[in-house]
Visitor: 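The structure's right below; bear with me while I get my questions together.
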Amino acid sequence: MSLYSSFESIDLYYRNMNYEYKKLLSNPSDKSSDTFIRKYFEYGSKIEVFNSTFLSKYNKDGKYLHTVSLYLIGSHLHGIIDSALCEKVRNKIKGSDIWYMFQYSWFLTALYHDSAFVIEDIKEKTKDKNSSENKNLKDYLKTYKVKRNPFTFNPLEHINNQNNIKSKNSEYFIYSEHEVIEYFNKSLEEKKVDHGIIAGYIMFDRLIENYDKAYDKAKKVSKSICKNNFEYMGLCWRIEHQFHFMMVSNAIIAHNIWFELLSKATAKKTQKISMQKWPLLFYLGLLDTIEPIKMFEEHFKPKEVWKYIDMSICDAENSCCKYGIKINIDQKIKSKKDIYDKWISKIYGILEWLDVSIEPEEKEHVTNEITIVPINPEG
């Protein structure tokens, strides 16, 4: 088996994506990957999330192949995260058992997580009259016209105008907004724009704006509809989805936050990210690290990378977690020794920030197989 053969049997969230998916698999490229991403959001009536001033640069330099490869690997291996993520969503969001599916969370998260990557190493100018440089996170959010803050926005208050109703947004985020702001501003001092933070804020803002626009259009057809729960464009729109958007926003905001810099910025005592506590963030961080296209695309064609590597769910014997991920590596991948060694080092680097174990325990002992097992302290 290989990743490529596994991808051929993946079920997509939107069935009418099958045609685009077959084209992607037959000829994986930046162009076909870009089309696949956009079509996915179009079918979900969420293409508005790509409405940003850096869109032209994203169109030119976006990490499309890596993004789609990450999405496909996550769709293939979802059994390892299904239970933890489903439990998290249902415990946090009332009524989610009616509509929640893994693929809904995953397409939003995986296909958008690197959308702001193109601004990471550039100095953007604000669009105000003074055209001054962005000096902090607040400036950047103003530049990209972010009006709805995922840390403070209350869907219930927004819909019902009941000031006494407060959603507990903090329960959806691993870091407080203060910590995110301090981290972002510290990264600016080091001449870096954290693309995950920007993308997470933008996505949440655009998804809420998109929800409001959908309601306004649907109301023109039927004035009796309720904003809490309505149908439009063949899709169900529920107010509970907006809490789900917070979970997605958290994963994207936090996926590129480095513990060392976070400690410098906030003096926060960091803890490894657990699959049980933060399943979507854990899954994104793990797969973003082990995804091989971005490491090997200069040496192999995309289809070759997928054929030379296999990733599968395995039983995690002698572990407190039920399942693990087994990575099998073809000798052709290992022949590119320098880049292969960097990939293996990245994989073992997750031991510093994700709550996992890896076999073999030492990267020097890796032959053709690696097993990564999430640690579940709750048994």
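What you see is a predicted model, and the numbers here were worked out from it, not measured in a lab.
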Visitor: Please name the pair of heavy atoms, one in Phe230 and one in Ala218, separated by the smallest distance, quoted to 0.1 Å.
Guide: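 Where Phe230 meets Ala218 most closely, the heavy atoms are CD1-CB, 3.9 Å.
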Visitor: Could you walk me through whether Ser263 and Lys268 pass the side chain to side chain donor-acceptor pair (under 3.5 Å) test, one step at a time?
Guide: CA-CA 5 Å; Ser263 296; Lys268 180 182 178 65; over 6 Å; no
Visitor: Should Leu286 and Ile325 count as side-chain neighbours, where that means a heavy-atom distance under 4.5 Å?
Guide: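 Heavy-atom side-chain distance check passes, below 4.5 Å.
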Visitor: With side-chain contact (heavy atoms from CB on, under 4.5 Å) as the test, would you mind laying out the steps for Tyr175 and Leu262 before giving the verdict?
Guide: CA-CA 10 Å; Tyr175 305 121; Leu262 181 65; 3.6 Å; yes
Visitor: Give the intermediate values and the outcome of side-chain contact (heavy atoms from CB on, under 4.5 Å) for residues Ile329 and Ile370.
Guide: CA-CA 8 Å; Ile329 307 159; Ile370 301 172; 4.2 Å; yes
Visitor: Should we count CD of Gln271 as having more than 12 external heavy atoms under 6.0 Å?
Guide: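 12 or below, so no.
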Visitor: Between Lys337 and Asp341, is there a side-chain N and carboxylate O pair less than 4.0 Å apart?
Guide: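 Judged by the 4.0 Å cut-off on N to carboxylate O distance, Lys337 and Asp341 do form a salt bridge.
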Visitor: Might you confirm whether atom CD of Glu260 has over 12 heavy atoms from other residues, nucleotides or ligands at distances under 6.0 Å?
Guide: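 No, the 6.0 Å shell around CD holds no more than 12 heavy atoms from other groups.
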Visitor: Show the nearest heavy-atom pair for residues Pro28 and Leu65, with the distance to one decimal.
Guide: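 Result for this residue pair: C-CD2, 4.1 Å.
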Visitor: Do Ile181 and Glu177 pass the side-chain contact (heavy atoms from CB on, under 4.5 Å) test, and can you show the C-alpha distance, the side-chain angles, and the key distance before you say yes or no?
Guide: CA-CA 6 Å; Ile181 291 171; Glu177 184 174 28; 3.8 Å; yes
Visitor: Check the pair Ile309 / Ile327 against side-chain contact (heavy atoms from CB on, under 4.5 Å), numbers first and verdict last.
Guide: CA-CA 7 Å; Ile309 295 173; Ile327 306 174; 4.2 Å; yes
Visitor: Using 4.0 Å as the upper bound for N to carboxylate O, is an ion pair formed by Asp205 and Lys147?
Guide: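 Between Asp205 and Lys147 there is no salt bridge, as every charged N stays at least 4.0 Å from the carboxylate O atoms.
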Visitor: What distance separates Ile47 CD1 from Lys39 NZ, expressed to the nearest 0.5 Å?
Guide: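 Between Ile47 CD1 and Lys39 NZ, I get 9.5 Å after rounding to 0.5 Å.
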Visitor: Please indicate whether Glu364 has more than 12 foreign heavy atoms, meaning atoms of other residues, nucleotides or ligands, lying under 6.0 Å from its CD.
Guide: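 Yes - once you tally the heavy atoms of other residues, nucleotides and ligands closer than 6.0 Å, there are more than 12.
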Visitor: At what distance, to the nearest 0.5 angstrom, does SG of Cys236 lie from NE2 of His241?
Guide: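 Going from the SG atom of Cys236 to the NE2 atom of His241 covers 7.5 Å.
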Visitor: Does Lys63 qualify as a cation-pi partner of Phe117, given the criterion of NZ or CZ under 6.0 Å from the six-membered ring centre and within 45 degrees of its axis?
Guide: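 Cation-pi check for Lys63 and Phe117: passes.
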Visitor: Whether Glu189 and Lys186 form a salt bridge (side-chain N of Lys/Arg under 4.0 Å from carboxylate O of Asp/Glu) is what I want to check.
Guide: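 Salt bridge: yes.
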Visitor: For Leu108 and Met203, work out which heavy atoms get closest and say how close.
Guide: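 Nearest heavy atoms, Leu108 then Met203: O-CE, 3.2 Å.
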Visitor: Answer yes when Lys213 and Glu48 have at least one side-chain N-carboxylate O distance shorter than 4.0 Å, and no when they do not.
Guide: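 Salt bridge flag = yes for Glu48 with Lys213.
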Visitor: Is the centre of the Tyr112 ring less than 6.0 Å from the centre of the Tyr40 ring?
Guide: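 Here the rings of Tyr40 and Tyr112 have centres that are no less than 6.0 Å from each other.
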Visitor: State the CD1-CG distance between Ile333 and Asn328, to the nearest 0.5 angstrom.
Guide: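 So the gap between those two atoms works out to 12.5 Å.
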Visitor: Does Lys46 make a cation-pi contact with Trp237, if we ask for NZ or CZ under 6.0 Å from the ring centre and within 45° of the axis?
Guide: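 Flagged: Lys46 positioned over aromatic ring of Trp237.
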Visitor: Taking the six-membered ring of Trp278 as reference, does the cationic atom of Lys88 (NZ for Lys, CZ for Arg) lie under 6.0 Å from its centre and within 45° of its axis?
Guide: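 That pair qualifies as a cation-pi contact.
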Visitor: Any chance NZ of Lys272 has more than 12 other-residue heavy atoms, nucleotides or ligands included, within less than 6.0 Å?
Guide: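 Counting other residues, nucleotides and ligands, NZ of Lys272 exceeds 12 neighbours.
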Visitor: Taking atom types as modelled and ignoring hydrogens, do the side chains of Ser32 and Ser29 form a donor-acceptor contact shorter than 3.5 angstrom?
Guide: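 Side chains of Ser32 and Ser29: pair found under 3.5 Å.
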Visitor: For the CZ atom of Phe41 and the CZ atom of Arg206, what is their distance to the nearest 0.5 Å?
Guide: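 Phe41 CZ to Arg206 CZ: 13.5 Å, rounded to 0.5 Å.
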Visitor: For Trp306, which of Ser2, Ser5, Ser69, Ser6 qualifies under side-chain hydrogen bond (donor to acceptor under 3.5 Å, both in side chains)?
Guide: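 Testing Trp306 for a side-chain hydrogen bond (donor to acceptor under 3.5 Å, both in side chains) against Ser2, Ser5, Ser69, Ser6 leaves exactly one candidate, Ser69.
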Visitor: Check Ile313 against Ile80 and note the closest heavy-atom contact, atom names and distance.
Guide: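 Taking Ile313 first and Ile80 second, the nearest heavy atoms are CD1-N, 3.6 Å.
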Visitor: Check Thr289 against Trp343 and note the closest heavy-atom contact, atom names and distance.
Guide: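 Result for this residue pair: O-NE1, 4.1 Å.
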Visitor: Decide, yes or no, whether a salt bridge links Asp97 with Arg90 under the criterion of side-chain N to carboxylate O below 4.0 Å.
Guide: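 The answer is no: the pair does not qualify as a salt bridge.
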Visitor: Heavy-atom count around Lys303 NZ within 6.0 Å, excluding the residue itself: above 12?
Guide: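 Atom NZ in Lys303 is packed in, count exceeds 12.
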Visitor: Any chance CD of Glu171 has more than 12 other-residue heavy atoms, nucleotides or ligands included, within less than 6.0 Å?
Guide: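 Yes, because the 6.0 Å sphere around CD of Glu171 holds more than 12 heavy atoms from other groups.
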Visitor: Would a distance-only check, ignoring hydrogens and angles, find a side-chain to backbone donor-acceptor pair under 3.5 Å from Lys334 to Thr367?
Guide: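 Yes, because the side chain of Lys334 sits within donor-acceptor range (under 3.5 Å) of the backbone of Thr367.
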Visitor: Would you call Asp212-Lys227 a salt bridge at under 4.0 Å N-O?
Guide: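 Looking at Asp212 and Lys227, the cut-off is met.
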Visitor: Please confirm whether Tyr232 and Tyr215 have ring centers closer than 6.0 angstrom.
Guide: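 Not under 6.0 Å, so no.
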Visitor: Between Tyr283 and Phe102, what is the ring plane arrangement, given parallel below 30°, perpendicular above 60°, and tilted in between?
Guide: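 Ring orientation of Tyr283 relative to Phe102: perpendicular.
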Visitor: With a cut-off of 6.0 Å (strictly less than), are more than 12 heavy atoms of other residues, nucleotides or ligands near CD of Glu190?
Guide: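 Counting neighbours around CD of Glu190, more than 12 heavy atoms of other residues, nucleotides or ligands fall under 6.0 Å, so yes.
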Visitor: The test is side chain to side chain donor-acceptor pair (under 3.5 Å); show your working for Gln103 and Tyr71 and say whether it passes.
Guide: CA-CA 10 Å; Gln103 282 286 13; Tyr71 167 76; 3.1 Å; yes
Visitor: Using a strict 4.0 Å threshold on nitrogen-to-oxygen distance, state whether Arg38 and Asp34 make a salt bridge.
Guide: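 Asp34 and Arg38: salt-bridged.
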Visitor: Can a donor-acceptor pair be found, under 3.5 Å and without considering hydrogens, that links the side chain of Tyr4 to the backbone of Leu25?
Guide: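 At least one qualifying donor-acceptor pair exists.
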Visitor: Scan side-chain atoms only and decide if Asp288 and His66 contain a donor-acceptor pair under the 3.5 Å cut-off.
Guide: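 Distance-only check passes for Asp288 and His66.
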Visitor: Other residues, nucleotides and ligands only: do more than 12 of their heavy atoms fall within 6.0 Å of CH2 on Trp353?
Guide: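 Above 12, so yes.
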Visitor: Could you tell me if the ring centre of His244 sits under 6.0 Å from that of Tyr104?
Guide: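 Yes, close enough.
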Visitor: For Ala110 versus Thr67, what's the shortest heavy-atom pair and its separation?
Guide: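 For Ala110 and Thr67, the tightest heavy-atom pair comes out as O-CG2, 3.4 Å.
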Visitor: Could you tell me whether Phe184 and Tyr140 have their ring centroids closer than 6.0 angstrom?
Guide: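 Between Phe184 and Tyr140, the centre distance is under 6.0 Å.
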Visitor: Taking the basic N atoms (NZ, or NE/NH1/NH2) and the acidic carboxylate oxygens, is any pair closer than 4.0 Å for Glu20 and Lys23?
Guide: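 Yes, this pair counts.
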Visitor: Atom CG in Leu287, atom CG in Leu72: separation rounded to 0.5 Å?
Guide: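 Leu287 atom CG to Leu72 atom CG measures 11.5 Å (nearest 0.5 Å).
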